[in-house]
Amino acid sequence: MHGAVKLLIGLGVVGGLLVAADRVAVGVAEDQAADAAVSSGWMTTKPDVTIGDVPFLTSAAAGKLDQVDLSSDGMTVTDGREKVTVHAFRASLSQVKFTDSYRGVTVGRGDGRGVVEYKDLAKFMRGGSVLGLEYAGPGTVKASVPGGGITGKLHSDGDDVVVDDVQLTGSAAALKGLAGDLLKPQRFHLTGLPRGLSLAEATPEQDGVQLRFTVAPGTTLGH
């Protein structure tokens, strides 16, 4: 009986050590992946990385991971003139395979999300920095002008964010002939996205414009 108890205790100790070693290894791998995301130019700011595979060492030995999540609150995009921050960026990557003797990885598929605040998005728009920009209901944004406002439909078209169907509301409608360029559709192309990410959707919400991204199969991350 005593021998069996000692064996069970011994197995428990070994199991605990293996689990501890696995957690240490995954922590090191997550930190290295975050560094590689920046050094390879995939992201401009170091993200937080979470590897979902348990046990990690078994997946690493097989050369592939089922789930890798990245998050950052400092990623930026630009339209070629102004640079704005994408808040609460999250990317979920799956079917991640190690390449080049574990110096890089290839992503099978993935998606991501982030938010651009209206005060930042307004920087891209003609007159936006003066008029401001707000949520105006599903799919719609608005800017205030004396006597009313300007509304428009906001959506994505490829990697472009588009505001069209622009109209004056209230008594400001009488100024239609003077509004000029403010009533023309506006389009701005987002650049500076991590390699392999494409804009899939732009949706106005209360707290900002929600951006949804897709990750192209075969996207590489590494040196």
With sequence neighbours left out, write down each residue that passes salt bridge (charged side-chain N to carboxylate O under 4.0 Å, His left out) with [X], or none if nothing qualifies.
X      : answer
Asp73  : none
Glu117 : Lys119
Asp69  : none
Arg212 : Glu201

Find the distance between CZ (Phe124) and CG (Leu190) and round it off to the nearest 0.5 Å.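 Those atoms lie 6.0 Å apart.
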What is the distance from atom CZ of Arg90 to atom CG of Asp48, rounded to the nearest 0.5 Å?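 Separation between the atoms: 8.0 Å.
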Taking side chain to side chain contact (heavy atoms under 4.5 Å, CB included) as the definition, give me every residue that meets it alongside [X], ordered by chain and number, with sequence neighbours left out.
X      : value
Ala136 : Thr140, Lys142
Asp157 : Val162, Arg187
Glu205 : Thr203, Asp207, Gln210
Asp31  : Asp35, Lys46

Using the test side-chain hydrogen bond (donor to acceptor under 3.5 Å, both in side chains), find all partners of [X] that sit at least two apart in sequence or belong to another chain.
X      : result
Thr45  : Ser72
Gln167 : Asp165
Asp111 : none

Would you find a donor on one side and an acceptor on the other, under 3.5 Å apart, between the side chain of Glu30 and the backbone of Ile51?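 Such a contact is found between Glu30 side chain and Ile51 backbone.
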What residues, two or more places apart in sequence or in another chain, satisfy ring pair (Phe, Tyr, Trp, His ring centres under 6.0 Å) together with Phe56?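 Residues passing ring pair (Phe, Tyr, Trp, His ring centres under 6.0 Å) with Phe56: none at all.
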